[in-house]
Asks: 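Before I ask anything, here is the structure I am working with.
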Amino acid sequence: MHQPPIPHLASADPEIGRLVEAEAERQHRKIRLIPSENYVSAAVLEATGTVLTNKYSEGYPGRRYYEGQQVIDPVERLAVQRAKDLFGVDHANVQPYSGSPANLAVYLAFCQPGDTVMGMALPMGGHLTHGWSVSATGKWFRAVRYGVRRDTGRVDMDEVRDLALAERPRIIFCGGTAIPRTIDFPAFAEIAREVGAVLVADIAHIAGLIAGGAHPSPVGHAQVISTTTHKTLRGPRGAMLMSDAEHASALDKAVFPGLQGGPHNHTTAAIAVALREAASEDFRTYAHNVVANARALAEALVERGYDLVSGGTDNHLILVDLTNRGIGGKPAAKALDRAGIELNYNTVPFDTRKPFDPSGIRLGTPAITTRGLGVEQMPTLAGWIDEAIQAADRGDDAVLDRIADEVAELLAGYPMPGWA
Ligand SMILES: Cc1ncc(COP(=O)(O)O)c(C=O)c1O
């Protein structure tokens with residue numbers, strides 16, 4: 001049963017009620033390896049389902065455009081203070097609706113349309129909002145893009161510097177969505193300083209690892225930090241912008257009134273809950289276990305002959321180039337899904353295939369670590385992945401179904417937060 005229980009939803013709208021239960025059940029029996037996903041705690045779930053959703057509160061605590069903020073102001077102040085304490089920043093804005101609007105607010109704060117901006121190319125591991133051509137950020141600004149080195153699969157800091165010196169961007173984004181290695185914030189900061197750019201660290205993927213001390217922090221290097229709250233940080237779907245004191249006011253004005261209206265107060269409360277959880281000793285252990293599991297899984301895949309971009313991982317994420325296995329990322333991901341192992345197909349750097357049918361798969365350990373799986377299970381998991389990919393190549397659905405049963409049997413011993 002869903003937790004908190006959903007009796008009113010189930011009786012008022014049985015179709016949606018059944019679908020919610022079905023999704024909970026699906027999340028319970030699958031090994032969820034999409035690196036941007038997680039399981040939030042029952043407390044975070046409860047906070048997202050509260051009456052705080054009924055309230056409008058455009059503005060910021062103490063400066064609102066609507067009356068009746070006696071409760072909402074302290075909720076938002078708590079969330080802001082917890083973000084500042086957890087990450088050690090001067091300023092935090094917890095209102096962005098999600099990661100993409102948070103990043104758009106950064107452009108609005110520091111750029112004019114047509115300005116030169118710089119970020120990692122999408123096929124190299126960057127995010128759409130770092131200036132990729134189909135995104136508003138690539139249409140409204142003159143985006144220049146860096147990538148990874150062909151020989152190492154790691155960010156090419158020489159290219160970053162050369163490009164920055166030649167193009168003089170107003171902002172430089174570091175971080176991304178498919179980067180398996182530690183981000184060198186001091187090196188980016190030096191380049192940004194040299195060219196007078198604002199350095200923006202997009203830590204959406206690794207925020208929980210940073211909070212838990214399992215990845216270096218960008219604080220003191222990047223003037224602006226953007227993050228989602230729903231990935232390794234294990235909060236509700238939302239985002240935060242953090243900064244030094246100098247850049248605070250421009251960011252606040254860009255979020256409201258520049259880009260958004262009323263903040264989603266139920267989400268703000270859930271972010272506050274997640275930040276409190278992330279400040280605990282248990283969460284530090286969690287963050288380190290995420291990395292240990294990813295490393296163990298990467299090693300087990302390499303032992304089975306898989307080609308990992310950059311050869312391995314430093315964080316929660318693994319990018320596998322399937323070219324040497326003779327199967328595309330998409331058919332592999334579809335077969336794995338049938339086998340109860342959920343991940344996503346992904347381009348790999350210098351991919352020769354199309355983005356909708358690329359050469360790679362992307363996987364990560366935040367969700368399975370929340371379920372309680374440990375390094376001892378990673379060789380079994382790598383074995384299932386390997387067997388399923390081979391079965392996909394032969395079109396052997398019986399093997400995929402057998403693996404799905406074995407996966408469900410294993411996971412039955414690992415409780416899922418929010419599902420009783
Ligand atoms: C690095 C990075 N930034 C921004 C985003 C955008 O977040 P959202 O999907 O919440 O808009 C993502 C999402 O995957 C991301 O990986």
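The figures that follow rest on heavy atoms only: side chains count, while hydrogens, waters and symmetry mates do not. In each ligand, atom 1 is the first atom listed, and ligand 1 is the first ligand listed. A quick note: this is a predicted structure, and the numbers were derived from the prediction, not measured.
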Asks: Should the ring pair Tyr286 and Phe283 be called parallel, tilted or perpendicular, given that the plane angle runs from 0 to 90° and is split at 30 and 60?
Replies: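 If you compare the ring of Tyr286 with that of Phe283, the planes turn out tilted.
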Asks: Suppose I only count heavy atoms of His230 and a 4.0 Å limit; which atoms of ligand 1 are within that range?
Replies: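 What qualifies from ligand 1 is 10 (O).
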Asks: Note the single closest protein heavy atom to atom 10 (O) of ligand 1, along with its residue, its atom name and the distance in Å.
Replies: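 Protein heavy atom at minimum distance: Ser98 OG, 2.4 Å.
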Asks: Give the numbers and elements of all ligand 1 atoms closer than 4.0 Å to a heavy atom of Thr228.
Replies: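 What qualifies from ligand 1 is 7 (O), 10 (O).
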Asks: Taking it one step at a time, do His215 and Thr182 satisfy side chain to side chain contact (heavy atoms under 4.5 Å, CB included)?
Replies: CA-CA 7 Å; His215 186 290; Thr182 302; 3.7 Å; yes
Asks: I'd like to check which ligand 1 atoms, numbered from 1 as shown, lie under 4.0 Å from a non-hydrogen atom of His205.
Replies: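 The list of qualifying atoms is 16 (O).
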Asks: Considering Gly126, Ala178, Gly99, Ala102, which one's heavy-atom position lies nearest to atom 8 (P) of ligand 1?
Replies: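 Residue with the shortest heavy-atom distance to the ligand atom: Gly99.
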Asks: Nearest protein heavy-atom contact for atom 5 (C) of ligand 1: which residue, which atom, what distance?
Replies: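 The closest one turns out to be His127 NE2, 3.3 Å.
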Asks: Can you list the ligand 1 atoms lying under 4.0 Å from a non-hydrogen atom of Ala204?
Replies: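 Within the 4.0 Å cut-off of Ala204, ligand 1 contributes 1 (C), 2 (C), 3 (N), 15 (C).
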Asks: When you check the side-chain N and O atoms of Asp307 and Asn324, is any donor under 3.5 Å from an acceptor?
Replies: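 Their side chains do not contain a donor-acceptor pair, so the 3.5 Å distance test is not met.
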Asks: Of the protein's non-hydrogen atoms, which lies at the shortest distance from atom 14 (O) of ligand 1, and what is that distance?
Replies: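 Of every protein heavy atom, Lys231 NZ, 3.2 Å lies nearest to atom 14 (O) of ligand 1.
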Asks: Among Gly176, Gly238, Gly175, Ala201, which one has a heavy atom closest to atom 1 (C) of ligand 1?
Replies: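 The option holding the nearest heavy atom is Gly176.
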Asks: In ligand 1, which numbered atoms sit nearer than 4.0 Å to a non-hydrogen atom of Asp202?
Replies: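 The list of qualifying atoms is 1 (C), 2 (C), 3 (N), 4 (C).
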Asks: Mind checking whether Phe256 and Tyr65 have ring centres under 6.0 Å apart?
Replies: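 Yes, close enough.
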Asks: Using 30° and 60° as the class limits, which term best fits the ring planes of Phe173 and His130: parallel, tilted or perpendicular?
Replies: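 Plane angle under 30°, so parallel.
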Asks: Restricting to non-hydrogen atoms, name the atom on Arg338 and the atom on Ala404 that form the minimum distance, rounded to 0.1 Å.
Replies: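 In terms of heavy atoms, the two residues are closest at O-CB, 3.4 Å.
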Asks: Identify, by atom number and element, the atoms of ligand 1 in contact range of Ser100, meaning under 4.0 Å from any of its heavy atoms.
Replies: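 Close to Ser100: 6 (C), 7 (O), 8 (P), 11 (O).
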Asks: Using 30° and 60° as the class boundaries, would you call the ring planes of Tyr345 and Phe356 parallel, tilted or perpendicular?
Replies: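 If you compare the ring of Tyr345 with that of Phe356, the planes turn out perpendicular.
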Asks: Distance only, no hydrogens: is a donor on one side chain within 3.5 Å (strictly under) of an acceptor on the other, for Asp386 and Tyr306?
Replies: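 Short answer, yes.
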Asks: Using heavy-atom distances, let me know which of Thr129, Thr177, Ile34 sits nearest atom 16 (O) of ligand 1.
Replies: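 Comparing heavy atoms across Thr129, Thr177, Ile34, the nearest one to atom 16 (O) of ligand 1 lies in Thr177.
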